[in-house]
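Per chain, numbering begins at 1; letters A, B, ... match sequence-line order. Just so you know, these numbers use all the heavy atoms, side chains as well, and skip hydrogens, waters and symmetry mates. Note that the coordinates shown come from a computational prediction; the quantities given were computed from them, not determined experimentally.
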Amino acid sequence: QGICNRLVIGLLKSKNISLACEVCEDMFKAGLRLDVYTFTATINAFCKEGKIDKASEMFVKMEEVGSIPDVVTYNILIQNLCRKGSLDHAYDLYKKMQARALTPNVVTYTTLIAGLFKASDFDKAKSLAHEMYCNGLVPCAVTTDILITGFCKEGKIETAAEIFREMLYRDLMPRDSTCARLINGLCKAGNVEEALGLLDTMIKKCILPNIITFNSLLNVLCKAKKSKQAEALFLDMVGRGFVPDVVTFNTLIDGCCKVGNISKAFTIKEYMVERGIHPNVSTYNSLINGLCKLGKICEANALLLEMLERNLGPDLVTYSTLIDGHCKLGDINEAERFLDEMMKINLMPNISTYNALIDRHCKDGNLEEAFKFMDEMAGKGLMPDIATCSIIVHGLCSIAQMEEANTFLNNMRNNGCLPN
RNA sequence: CCUGCCGAUCUAUAGGG
């Protein structure tokens, strides 16, 4: 009996569901009993397969033969309901298990909290977390990861940070990836000071930051044009023994490019190669962008060739960058030549690519050509976005076609593109 | 012995004082 039970679980683990079922049948026939673990594992397998009726059949059978479902069994049923979005039913089960004197554990709460996030019921997720504390349970790394990354994704960075502080206060160890996401959230929200403060806190609490954390911070410092601080952080990070990766260098290079410091960008490019880290497509894209914005087309083209020599295929961003570069320099012909070229190698332009072209035509007062591109986009199923709208409105206004601008705006509004 | 979350960080497009 013991061996058969183990066998069924083994078969389920190797996804051999039908064979596992056969063994179960044979066991029933031979009068052997499945234990709670085996019943539970079988129910889980059926749930994961989407065979809910089979799962409930098993659950009924389990009760019939007097095998008492435990917390894990309920957790599985609750998860299945959460997956289907039936959160009310999941919550009912959570109540029902307690009526049967089964105490929900950390997994029960974590499952429900994850389900609530998926259903966008953030307040209930938070209050359930609180309920969990009140019941004397300590959230684990998974629980806090769900809460913190969930709130970050929603843009509720302050709530996420609050949960994080509470966690540290309770001496719980978050995952380094949880910290990385929170720090990135703070960075993206422009809260650099708090992000840097969090880094200090992590280090003090002996939570090792990872390279992604540093990259996020470097990025926000570069974007804020605080190159001195970025450099200091980079040196600090290297001094602590963290190894910069390709994203680290790309971030620094892009920062230089954005302020027009191309020579420094190239110095960093050489330095990364010396350290054995090879530039990738993003590296080249940043450099090409920097060169284009300075009007250095020949050098940009040279980099494009260098990419090809190194077997780095130019991508959508590379072409969009070049197209925009030529547009900004007023060379619509060259821009359109790149548009043809990208399509020849099966790279499909996206909304950003078209916006650059439409903007050029608008600034040339050539609204007719601009609208032609709008049609071309539509033919490809690309919807104009908020940028497209402001480009066109700006274009129409600058040639004093106020009525047309108004009409256009209304049309866009009716198509679901709200002006900002 | 059966159950829960996660691959997050870098590159291209518009508008105002």
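With hydrogens and angles left out, the side chain of A:R175 and the base of B:C5 share a donor-acceptor pair within 3.5 Å.
Here the C1' atom of nucleotide B:U3 and the CG atom of A:L93 are 14 Å apart, to the nearest Å. Between A:N80 atom CG and B:C2 atom P there is a gap of 19 Å when expressed in whole angstrom units. Atom-to-atom, CG of A:L112 to P of B:C5 comes out at 12 Å; the value is rounded to the nearest Å. Separating the CE atom of A:M97 from the C1' atom of B:G4 is a distance of 13 Å, rounded to the nearest angstrom. To the nearest angstrom, C1' of B:G4 lies 13 Å from CG of A:L147. Atom CG of A:L11 is separated from atom C1' of B:C2 by 15 Å (rounded to the nearest Å).
A salt bridge does not link A:E57 to A:K54: none of the charged side-chain nitrogens sits closer than 4.0 Å to a carboxylate oxygen. Using a cut-off of 4.0 Å between Lys/Arg side-chain N and Asp/Glu carboxylate O, A:E306 and A:R310 are scored as salt-bridged. Using a 4.0 Å cut-off between charged side-chain N and carboxylate O, A:K344 and A:D340 make no salt bridge.
One finds the CD1 atom of A:I386 at 10.5 Å from the CE atom of A:M412 (value rounded to the nearest 0.5 Å). Atoms CD1 and NZ, on A:I288 and A:K293 in that order, are 12.0 Å from each other to the nearest 0.5 Å. The structure places CG of A:N250 at 9.0 Å from CG of A:N215, a figure rounded to the nearest 0.5 Å.
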Base-contact (B) and sugar-phosphate-only (S) positions in nucleotides 7-14 of chain B, heavy-atom cut-off under 4.0 Å, - elsewhere: -BBBBBBB

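When side chains are defined from C-beta on, A:L357 counts as touching A:I332, because their heavy atoms get closer than 4.5 Å. Residues A:L218 and A:L233 have side chains in contact (heavy-atom distance under 4.5 Å, counting atoms from C-beta outward).
The residue A:C140 sits close to a base: some heavy atom pair falls under 4.0 Å. If you check every strand for non-hydrogen atoms under 4.0 Å, A:V106 touches a base.
Each of A:E274, A:R275, A:K269 was scored for a side-chain hydrogen bond (donor to acceptor under 3.5 Å, both in side chains) with A:Y271, with one residue passing: A:R275.
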Base-pair map of RNA chain B as dot-bracket, where | denotes pairing with a different strand and pairs are Watson-Crick or G-U under 3.5 Å: .................

